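Here the structure is a predicted model, which is why all the values come from computation and not from measurement.
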Amino acid sequence: GLTATGLKKDQIFFGDINTVYKSGNTIVDVKVDTYSNVSTKVTVNDAWPCSKAALSFRIPDHKSGKLDVQYLHPHAAIDSSIGLNPTPLLELSATIGSNELYLGGEVGFDTASASFTKYTAGINLNKPDFSAALLLTDKGQALKASYIHSVNPFTCVAAEMAHRFSTYENTFTIGSSHAVDPLTVVKTRFSDNGKAAMLCQREWRPKSLVTFSAEYDSKAANASPKMGLALALKP
């Protein structure tokens, strides 16, 4: 597979070329950007039962090497990561549960400063027509609650509330998704900070998508709406 992307901002152009090669259980992903940085990721699936290992590094950054190991079980999942340098960053996440209820958490530790970079915990409840989650994030400084409900096979609505303990700040966001037809989806989002967004996506051929998006910030002075257009092609 070969993917090329580009972005022009003011007078500066950014871009990259990404290629993916698959052979058996091994996947090699290489990306080259306009600054001659080469990012490589080698993934081996089923290196041993129910596992996946990935080695990634970036040239010329010799400290960017990282090894990820995942273990997937029908009722449990563990994902660990270690940086391949003298003072690595260690990360570990785990989830346990069933199709309806599961618990999870993650922790990150920086050996250079001997401090935790993150710790998060959450619980999720799934039912055929709704899903609810409660997350403790930002090192215990923020609490998020989310809910999504399927009104019918074509429409669903969602809401998220967040509370920050240090500033007593509350935020609220609602959204919706509606399938106009089997090939077209329209999504909307409204936030209490005055931002409204809309996205329309159509699969005009199998696995090929065209997406139009727009966002408007009512509290930004003299700000015009942001527009976006994306085209994804897959043979």
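Classification of the Phe165-His163 ring pair by plane angle, with boundaries at 30° and 60°, yields perpendicular.
No hydrogens or angles considered: a donor-acceptor pair under 3.5 Å links the side chains of Thr184 and Arg202. For the residue pair His73 and Tyr71, no side-chain donor N or O sits within less than 3.5 Å of a side-chain acceptor on the partner. Side chains of Ser115 and Asp110: a donor-acceptor N/O pair is absent below 3.5 angstrom, by distance only. Side-chain contact of Ser146 with Glu160: a donor-acceptor pair under 3.5 Å is absent, judged by distance alone.
Taking CD1 of Ile123 as the reference point, atom CG of Leu103 lies at 5.0 Å (rounded to 0.5 Å). Rounding to the nearest 0.5 Å places OG of Ser213 at 10.0 Å from CD of Gln201. Separating the CG atom in Asp33 from the CZ atom in Arg58 is a distance of 9.0 Å, to the nearest 0.5 Å. Remark: Ile27 CD1 to Asp29 CG distance equals 8.5 Å, nearest 0.5 Å. Separating the CZ atom in Phe212 from the CE atom in Met198 is a distance of 5.0 Å, to the nearest 0.5 Å.
Listed here is the closest heavy atom pair of Pro88 and Gly83: CB-O, 2.9 Å. When every heavy atom of Lys144 is checked against every heavy atom of Ala162, the shortest pair comes out as CG-CB, 3.9 Å. A pairwise comparison of heavy atoms in Asp217 and Asn193 identifies OD1-O, 3.9 Å as the closest pair.
Within the 4.5 Å cutoff, the side chain of Leu55 has heavy atoms near those of the Leu84 side chain.
With side-chain heavy atoms closer than 4.5 Å counting as contact, directly or through intermediates, the hydrophobic cluster containing Leu2 also holds Ile17. Members clustered with Val157: Val151, by chain and number, using a 4.5 Å side-chain heavy-atom cutoff among hydrophobic residues. In the hydrophobic clustering, Phe190 connects to Met161, Phe172, Ile174, either directly or through intervening members, whenever side-chain heavy atoms lie under 4.5 Å apart.
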Can you give the donor-acceptor pairs under 3.5 Å from side chains of residues 124-139 to other protein atoms, not counting sequence neighbours?
| from | atom 1 | to | atom 2 | distance (Å) |
| --- | --- | --- | --- | --- |
| Asn124 | OD1 | Tyr102 | OH | 3.2 |
| Asn124 | OD1 | Asn126 | ND2 | 3.1 |
| Asn124 | ND2 | Ala132 | O | 3.2 |
| Asn126 | OD1 | Ser131 | OG | 2.6 |
| Lys127 | NZ | Glu100 | OE1 | 3.3 |
| Asp138 | OD2 | Arg164 | NH2 | 2.6 |
| Lys139 | NZ | Phe116 | O | 3.1 |

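Legend: residues meeting side-chain contact (heavy atoms from CB on, under 4.5 Å) with Ser224, ordered by chain and number and at least two apart, are absent.
Applying the side-chain hydrogen bond (donor to acceptor under 3.5 Å, both in side chains) definition to pairs two or more places apart or across chains, those involving residues 76-91 are Asp68-Ser81, Gln70-Asp79.
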